[in-house]
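A short worksheet on the structure shown next.
Quick note on labels: first sequence line is chain A, next is B, and so on, each numbered from 1.
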Amino acid sequence: MTPDPQSKGVVIAGAGQAGFQLAFSLRTSGYDAPITIIGGESWLPYQRPPLSKAFLQGKHDIESTTLRPETFYIDHRIDVLLGHNIAAIDRNRCCVHLPSGHEVSYGALVLATGARNRVLQLPGADLDGVCYLRTRDEAVELANRLESAHRIIIIGGGFVGLELAATAATLGKSVLVVETQSRLMARSVAPVMSEFFRELHHRHGVEILLATNTREILGRDGRVSGVMLTDGDVHPADLVLIGVGVIPNSDIAVDAGLPVTNGIIVDEQLRTADPKIYAIGDCALHPNPHAGGLVRLESVQNAVDQARCVADALTGKPHAYTAVPWFWTEQFEAKLQMVGLSRDCDQVETRGDPATGKFSVYYAKEDRVVAVDSVNRPADHIAGRKLLAITP
Amino acid sequence: MSLFKRTPKPTATIVYRSDAGQVREVAVPIGNSVMEGAVNNGIDGIVAECGGACMCATCHVYVDEEFLSKLPPIAEDEAEMLKTTFSPRKPNSRLSCQLPVTEELDGLRVTTPPAQQ
């Protein structure tokens with residue numbers, strides 16, 4: 001049964017890309033009832049992808065990451081409550097509680113709570129000069145610290161860690177990346193791709209240690225001074241960045257008695273166990289036909305397309321979420337575009353020569369292409385999106 | 001509130017016309033993209049869901065013919081994304097995130113398509 005969003009309106013928990021897009025799509029679809037976005041940070045919804053790249057490289061100021069100016073929300077009658085997360089959900093009375101004691105009623109509640117950085121539990125992890133990057137505030141702090149830093153150690157060779165490594169190296173810093181897996185971005189790409197990026201970073205002077213664990217972050221007078229690896233080697237640093245993945249923000253769902261494992265569990269229409277409550281974006285563990293099961297995706301595409309899917313449902317056009325997953329990362333001169341989900345493929349084939357800096361990796365499962373990763377070959381990426389599209 | 005000092009930047013005027021014929025003139029800082037000029041000024045005809053990474057085609061515009069020769073050439077990634085626009089691609093179609101505003105583009109007129117997604 002479709003909830004009754006027209007009367008009491010939609011409350012969106014989370015002011016990130018998914019929350020913004022939902023409000024935007026609802027208004028574009030002619031939805032007329034109240035829309036309230038509630039976000040824990042003090043900023044209007046902004047884009048995260050440029051934080052590790054254009055912003056830290058100094059190409060864009062922080063204001064340019066703002067998705068829409070304040071006038072947009074006023075013009076479209078979207079209430080934005082910033083600076084505090086929802087404290088609790090009252091499912092019986094269909095309202096959310098704010099820390100201030102205020103209540104906001106909902107016809108439909110959409111959890112777009114995102115994710116937070118996984119905190120590395122290591123001795124010295126609380127030293128001054130140990131940084132993470134997810135929020136705009138963290139990006140501004142990092143920009144200030146990068147200015148005076150000379151030697152940077154990045155713990156984690158995933159997308160964020162490597163984008164930061166490329167940015168810092170481009171700024172002329174000395175950079176060391178420490179990754180526990182035996183190859184870079186191991187969770188996401190094939191070995192040939194990992195090797196291409198290792199070589200790329202190496203060519204730009206980034207040092208990379210694979211299959212290496214950190215024992216301790218070292219400090220002097222409360223400030224970070226280096227890192228000790230599990231083999232006892234010590235590497236000096238005046239800034240340590242940690243990028244070891246994220247944890248979905250699902251506490252308010254748990255407290256409300258909704259099923260949660262690695263994310264808030266939703267059905268193919270992105271509804272939680274409560275038909276008036278949806279979850280979208282990084283926090284949503286959803287059935288995805290491209291994954292062949294439940295998956296949680298951390299991407300702009302997933303945030304935007306899931307927001308659209310729920311906007312459709314709330315305006316009387318419900319359908320299953322089937323959008324093709326795509327992702328991108330930019331490191332030095334390489335733009336890696338990914339489409340599909342390759343995690344349980346059984347065949348990998350490379351087209352083009354990685355040595356030329358332009359090539360694609362095709363992933364197949366049971367003789368069917370399930371994903372394409374392209375470096376500087378945008379035609380292959382677009383062909384992949386068409387190939388993998390599911391038409392209703 | 002900004003953490004950075006604001007110094008006034010030189011701008012160029014960009015004229016955005018909606019599919020319905022509504023016209024908005026906006027002073028866009030030199031160096032920003034035509035897409036940024038639109039989203040920062042609440043022009044709804046441009047969505048820009050990927051934020052200017054040339055990964056979506058929701059900042060599609062039709063550029064007035066007389067300005068076409070003043071634009072940077074279409075790079076490979078833009079050419080590919082232009083094949084995926086929601087509204088029909090025309091000879092004067094461009095992705096506005098790939099159009100940095102320059103002094104030479106002062107007065108540039110673009111029309112947003114009927115829909116971006």
Side-chain angles (χ1 to χ4, degrees), chain A residues 17 20-21 24-25 27-28 42-43 46-50 53-54 59-76 136-137 140-141 143-144 299-301 303-305 307-308 326-330 335 337-339 358 374 376-383 385-386 389, chain B residues 1-9 18-19 22 24 26 28-59 74-86 89 95 97-98 100-101 112 114-117:
Chain A
Q17 185 112 31
F20 158 76
Q21 182 69 41
F24 182 89
S25 295
R27 285 296 185 239
T28 328
S42 54
W43 308 105
Y46 60 88
Q47 306 163 56
R48 294 188 198 281
K53 302 181 277 274
K59 290 183 189 165
H60 283 299
D61 60 20
I62 198 70
E63 266 310 315
S64 72
T65 61
T66 304
L67 279 158
R68 290 295 183 279
E70 198 172 0
T71 50
F72 168 87
Y73 299 93
I74 298 165
D75 292 349
H76 291 85
R136 184 163 158 160
D137 291 336
V140 170
E141 185 194 336
N144 291 334
S299 71
V300 168
Q301 172 277 322
V304 169
D305 285 333
R308 283 201 199 123
W326 51 259
F327 315 84
W328 81 94
T329 177
E330 286 164 275
K335 181 172 182 177
Q337 298 173 293
M338 295 156 274
V339 56
K358 291 182 176 204
S374 312
N376 299 335
R377 295 239 299 202
D380 290 355
H381 177 69
I382 294 305
R385 284 201 206 179
K386 289 180 179 157
Chain B
M1 188 194 75
S2 171
L3 291 166
F4 297 93
K5 276 191 214 128
R6 293 268 190 131
T7 41
K9 292 177 188 165
S18 75
D19 181 58
Q22 200 182 359
R24 283 269 309 274
V26 175
V28 182
I30 304 286
N32 278 21
S33 67
V34 173
M35 175 278 281
E36 289 170 309
V39 301
N40 292 339
N41 290 283
I43 289 165
D44 290 348
I46 289 177
V47 176
E49 75 177 45
C50 78
C54 208
M55 286 297 293
C56 70
T58 62
C59 65
I74 299 176
E76 202 184 342
D77 50 355
E78 184 184 350
E80 289 304 323
M81 284 317 312
L82 277 169
K83 294 177 183 169
T84 70
T85 56
F86 186 85
R89 181 186 182 177
L95 297 185
C97 73
Q98 300 300 304
V101 172
T112 53
Q116 295 281 14
Q117 52 192 352

With sequence neighbours left out, the residues meeting side chain to side chain contact (heavy atoms under 4.5 Å, CB included) with A:Asp380 are A:Ser360, A:Tyr362, A:Ser374, A:Arg377
Test side chain to side chain contact (heavy atoms under 4.5 Å, CB included) on B:Glu49 and A:Arg308 and set out the steps. CA-CA 12 Å; B:Glu49 75 177 45; A:Arg308 283 201 199 123; 2.3 Å; yes
Within a 6.0 Å radius of atom CD on B:Gln22, are there more than 12 heavy atoms belonging to other residues, nucleotides or ligands? no
Side-chain donor-acceptor contacts of residues 32-42 of chain B below 3.5 Å, not counting sequence neighbours, with atom names and distances?
from: B:Ser33; atom 1: OG; to: B:Met35; atom 2: N; distance (Å): 3.4
from: B:Ser33; atom 1: OG; to: B:Glu36; atom 2: N; distance (Å): 3.0
from: B:Ser33; atom 1: OG; to: B:Glu36; atom 2: OE1; distance (Å): 3.3
from: B:Glu36; atom 1: OE1; to: B:Ser33; atom 2: N; distance (Å): 2.8
from: B:Asn40; atom 1: ND2; to: B:Glu36; atom 2: O; distance (Å): 3.2
from: B:Asn41; atom 1: ND2; to: B:Gly37; atom 2: O; distance (Å): 2.7

Counting heavy-atom pairs under 4.5 Å with chain B, which one of [options] comes out on top?
options: A:Arg385, A:His381, A:Glu330; value: A:Arg385
options: A:His76, A:Lys53, A:Arg68; value: A:Arg68
options: A:Phe72, A:Phe20, A:Trp328; value: A:Trp328

Using 0.5 Å steps for rounding, measure from the [atom1] atom of [X] to the [atom2] atom of [Y].
X: A:Gln301; Y: B:Cys50; atom1: CD; atom2: SG; result: 12.0 Å
X: B:Gln117; Y: A:Gln21; atom1: CD; atom2: CD; result: 5.5 Å
X: B:Gln116; Y: A:Thr28; atom1: CD; atom2: OG1; result: 11.5 Å

[X] versus chain B, the contacting section by heavy-atom distance below 4.5 Å:
X: A:Lys59; result: neither
X: A:Lys335; result: side chain
X: A:Tyr46; result: neither

Taking side chain as C-beta onward, heavy atoms only, is B:Lys83 less than 4.5 Å from A:Lys386? yes
Minimum-distance pair of heavy atoms, taken over all atoms of A:Phe24 and B:Asp44: CZ-O, 4.5 Å
